[in-house]
Amino acid sequence: MTDSRFYITTSIAYANNRPGLHTLYEVVGADVLARWHRMNGTPTRFLTGTDEHSVNIAMRAADQGRTPRDFVDEQVSLFRAAEDALGIRPDRFIRTTDPDHVRSAQEMVRRAYANGDIYVGTYEGWYCPSEGFRNATDVVETARGTICPNHPEVPLQWLTERNWFFRLSAYQERLERWFADEPHAVQPEYRRNEMLGFIRSGLEDFSISRAGAGWGIPFPILPDGSSAQRPDGTWDPEAGTIYVWYDALINYITGAGFPDDPESFARWWPADVHVIGKDIARFHTIFWPAMLWSAGLKAPRRVWIHGWLLAAGERMSKSRGNFMDPLDFTRAFGSDGARYAVLREVPFDRDADVSWDAFVRRYNADLANDFGNLVNRTVTMAGRFLDGRRPAPRPAAGSPLGAGWDDALAAYAAALDGCLLSDALAALWAFVGDANRFVDAEAPWALAKAARGGDTGAADRLEAVLGDLVEACRLVGLAVAPFMPETAPRIAAQLGHAYTYGPDGNGGPPIAAELRWGARMAETGRLGAPVPLFPRLETDAAVAD
RNA sequence: GGCGGAGUAGCUCAGUGGUAGAGCAGGGGACUCAUAAGCCCUUGGUCGGUGGUUCAAAUCCGCCCUCCGCUACCA
C-alpha cells in the first residue's frame with residue numbers, strides 16, 4: 001500500500017465467553033500489519049473490538065441474574081486483558097454497544113431504506129436460540145422432534161416473523177462486476193473463487209431485523225416508513241431491533257468516523273484490509289459491499305480471509321472446549337514468543353494444526369537456538385574481543401551478509417504486503433541461518449587469538465566480521481519488531497543502538513531507511529550486557545489445551 | 001449431488017517433463033563465541049492406486065480411492 005494512510009480491521013469477537021487463542025490469532029496478525037505500517041511512517045488506524053448484541057447473550061446474562069450490559073462488560077474486560085498480554089495495540093477498541101456505533105447502524109438502515117433496498121417481509125424457519133436461524137437442510141429429525149445438530153439439548157423454535165429484509169438480490173450484477181474489476185479485493189484467491197461461485201448461484205434477500213428482541217440496536221424505522229423514535233427520544237419497541245449484520249459489520253465504518261465525523265470518515269474509508277475468518281467470508285465479501293453501496297459508500301479495498309487453528313484436526317472453538325488460553329500461552333512463551341510462535345506456525349491463508357509441543361519446538365528452534373543465540377553470541381564476542389566497543393559493519397558489497405540482506409528484506413516486505421505472515425518470518429529466518437553459518441565460517445574466536453598474537457590482518461578481519469554480525473542482529477531485530485515489539489528495543493539496547501519507536505510502533509523514523517545495511521554505521525556505540533532474549537523452554541514445561 | 005482443492009521422508013510442506021528436496025524431529029562428527037545453542041555429515045520416501053502419452057512423469061491425460069473447502073441468512 002502506498003496510500004497516505006492505512007486502515008486495518010479485524011472481525012469483532014462475540015462477547016459470549018472468555019477469549020481463546022484461536023480468536024485472538026487474527027487480531028495478533030492484524031496488529032503485526034498495523035505496526036509494520038506505523039513503523040513505515042504511514043498514518044495507521046487499527047480497529048478491533050467486540051460484538052455484544054444477541055438473544056443468546058441476553059439469555060446467558062439472565063441465567064446469571066445479571067443485566068446484559070453487566071455481562072458483556074465482564075467479557076470485554078477479559079478480551080482486553082488477553083489482547084494486552086499479547087501486545088495488541090488497537091487505535092480503537094470498538095464495542096457494538098458504543099453510542100456512536102448505535103447511531104451508525106441506525107443511519108445505515110435509514111440510508112438503505114431511502115435507497116429502496118429494504119422492505120418488510122415475513123421470515124419463517126427454525127430458530128436455534130444458541131445459534132440463530134437454522135436452514136431447513138441443517139436441522140435433524142429425531143424421535144423427540146426436530147433438533148439443531150450442534151445444540152441437541154436446546155429446543156428449536158419455529159419462527160414466523162414480520163422482518164425487514166435487505167434487497168441483496170438487486171446487487172448480484174454489481175457484485176460480479178466488483179469481483180471482476182477488483183481481482184485482489186478478496187484474498188486468498190481460492191476464497192475469492194468460492195465467493196464468486198456463491199454470487200453466481202444467485203443471491204437472496206436477507207433479514208435485518210428481529211421483533212421482540214430487547215438486547216440490540218433499536219430499529220429506527222416503523223413499517224410505514226416513519227421514524228421509530230418517540231418525542232422523548234426513546235425508541236418504539238414495536239419496531240424491533242437491528243439483526244446481526246446491520247449491526248456487527250457496521251463497526252468498520254463507525255470506527256472510521258461514520259456518521260458523526262465526516263472528515264475522519266473521508267480520511268479513513270474505505271478500509272485497506274478487513275482481516276476475517278473464513279466462517280464469515282460471505283458476509284464480508286458479498287453482504288457488506290452491497291450494504292455499503294446501498295448507503296452510497298465504497299466497498300473495502302481488500303478482505304483477507306485467514307484459516308482456522310486446528311487441534312488434532314478439529315477446529316478450535318469455545319463450544320468444543322479444545323482451545324488454548326491466551327494467558328497460559330503468554331505466561332509460558334512471553335508476549336513476543338507467543339506472537340512469533342502462532343504466526344510462524346500457522347500460515348495466514350489456510351488452516352493449520354497446532355499444539356503446545358509444536359509451539360515449544362518452534363520457539364526453541366527459531367527463537368532460542370537460532371536468533372536469540374545469534375544475538376547472544378554476537379554481543380558476547382564483540383564485548384569480549386573488542387572490549388565492548390561496537391564494531392562497524394563493512395559496506396554491503398564487501399560483506400557476505402550485507403550482500404544478502406536486500407533480498408531477505410525484499411522477500412520479507414513482499415510477504416507482509418501479501419498478508420503471508422509466516423512466509424515473512426521464514427524469509428527473515430533464512431537470513432538468520434546465513435548469519436549463524438557466517439559465524440562458524442569466520443570463527444571470530446580464532447581471529448581474536450591470532451590478533452592477540454600480533455596478527456594485524458586478523459585484528460582487522462575480526463573487527464569486520466563482528467561488525468557485520470552486529471549489523472545483521474540490528475537489522476533482523478528491527479525488521480521483526482512488528483512481530484516482537486517488546487524484544488526489538490531489548491536487542492537495540494544490547495547492541496548499543498537507540499530505539500525510538502513507541503510501544504505501538506509509532507514515533508520513530510520510517511523503518512525503510514533504518515533497514516538499509518549500514519544505516520547506522522557512522523555512529524559509535526558501546527554494547528550492552530549479553531542477556532539471553534528467549535530462554536529455552538522444556539517440552540513438558542506446561543500442559544494446556 | 002454440483003463446483004474447487006489436496007494426497008511427496010516420523011511431522012509441516014516446496015517441487016508442474018530430464019538422475020527425489022527444505023525445515024523440524026532422529027543419528028554421528030569436528031569445534032567452542034553462545035541459551036548443552038550454532039556448524040558439518042547423515043538415517044529416512046515403490047512422490048495415494050492404476051492404465052496411458054513420452055527417449056524420459058511426482059510433474060501431462062483417463063479411471064479409481066481417501067481427505068478437505070464452498071454450496072445463505074451464526075453474534
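What's counted below: heavy atoms across the whole structure, side chains too, no hydrogens, waters or symmetry copies.
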Query raised in the report: Which residue pairs pass the side-chain hydrogen bond (donor to acceptor under 3.5 Å, both in side chains) test when at least one of the two sits in residues 441-453 of chain A, sequence neighbours left out?
Result: A:E442-A:R461
Report summary line: By the Watson-Crick or G-U definition, both distances under 3.5 Å, B:rC11 is matched with B:rG23
Requested in this report: Identify the nucleotide, in any strand shown, that forms a Watson-Crick or G-U wobble pair with B:rA37, with both distances under 3.5 Å; if there is none, say none.
Outcome: none
With 3.5 Å as the limit, what N/O pairs link the protein to nucleotides 34-37 of chain B?
| unit_1 | atom_1 | unit_2 | atom_2 | d |
| --- | --- | --- | --- | --- |
| B:rA34 | OP1 | A:R384 | NH2 | 2.9 |
| B:rA34 | O3' | A:N376 | OD1 | 3.0 |
| B:rA34 | O2' | A:N373 | OD1 | 2.6 |
| B:rA34 | O2' | A:N376 | OD1 | 3.0 |
| B:rA34 | N1 | A:R377 | NH2 | 3.4 |
| B:rA34 | N3 | A:N373 | ND2 | 3.1 |
| B:rA34 | N3 | A:R377 | NE | 3.4 |
| B:rU35 | O2 | A:F534 | O | 3.2 |
| B:rU35 | O2 | A:R536 | N | 3.4 |
| B:rU35 | N3 | A:F534 | O | 2.8 |
| B:rU35 | O4 | A:G372 | O | 3.3 |
| B:rU35 | O4 | A:L533 | N | 3.3 |
| B:rU35 | O4 | A:F534 | N | 3.3 |
| B:rA37 | O3' | A:N369 | ND2 | 3.4 |
| B:rA37 | O2' | A:N369 | O | 2.9 |
| B:rA37 | O2' | A:N373 | ND2 | 3.3 |

Query raised in the report: With rounding to whole Å, what would you report as the distance between B:rA36 and B:rG69 at their P atoms?
Result: 43 Å
Query raised in the report: Quick one: side-chain contact (heavy atoms from CB on, under 4.5 Å) partners of A:D73, sequence neighbours excluded?
Result: A:R69, A:R95
Query raised in the report: Parallel, tilted or perpendicular: which fits the ring planes of A:F166 and A:Y246, with parallel below 30° and perpendicular above 60°?
Result: tilted
Run the side-chain donor-acceptor check on residues 422-434 of chain A: report pairs under 3.5 Å with partners two or more places apart or on a different chain.
| unit_1 | atom_1 | unit_2 | atom_2 | d |
| --- | --- | --- | --- | --- |
| A:S422 | OG | A:R344 | O | 2.7 |
| A:S422 | OG | A:R344 | NH1 | 3.0 |
| A:W429 | NE1 | A:D366 | O | 2.9 |
| A:D434 | OD1 | A:R437 | NH2 | 3.1 |

Can you list, pair by pair, the side-chain donor-acceptor contacts under 3.5 Å of residues 307-317 of chain A, counting residues two or more places apart and other chains?
| unit_1 | atom_1 | unit_2 | atom_2 | d |
| --- | --- | --- | --- | --- |
| A:E314 | OE1 | A:R320 | NH1 | 3.4 |
| A:R315 | NH2 | A:D279 | OD2 | 3.3 |
| A:S317 | OG | A:S319 | OG | 3.4 |
| A:S317 | OG | A:R320 | N | 3.1 |

**Report entry** Phosphate OP1/OP2 of B:rC74 contacted by A:Y243 side-chain N/O (<4.0 Å)
**Finding:** no
Query raised in the report: Under the ring pair (Phe, Tyr, Trp, His ring centres under 6.0 Å) test, which residues partner A:Y119, sequence neighbours left out?
Result: A:F165
Query raised in the report: Which part of the nucleic acid, if any, lies within reach of A:I280 when heavy atoms closer than 4.0 Å are counted: base, sugar-phosphate only, or nothing?
Result: base
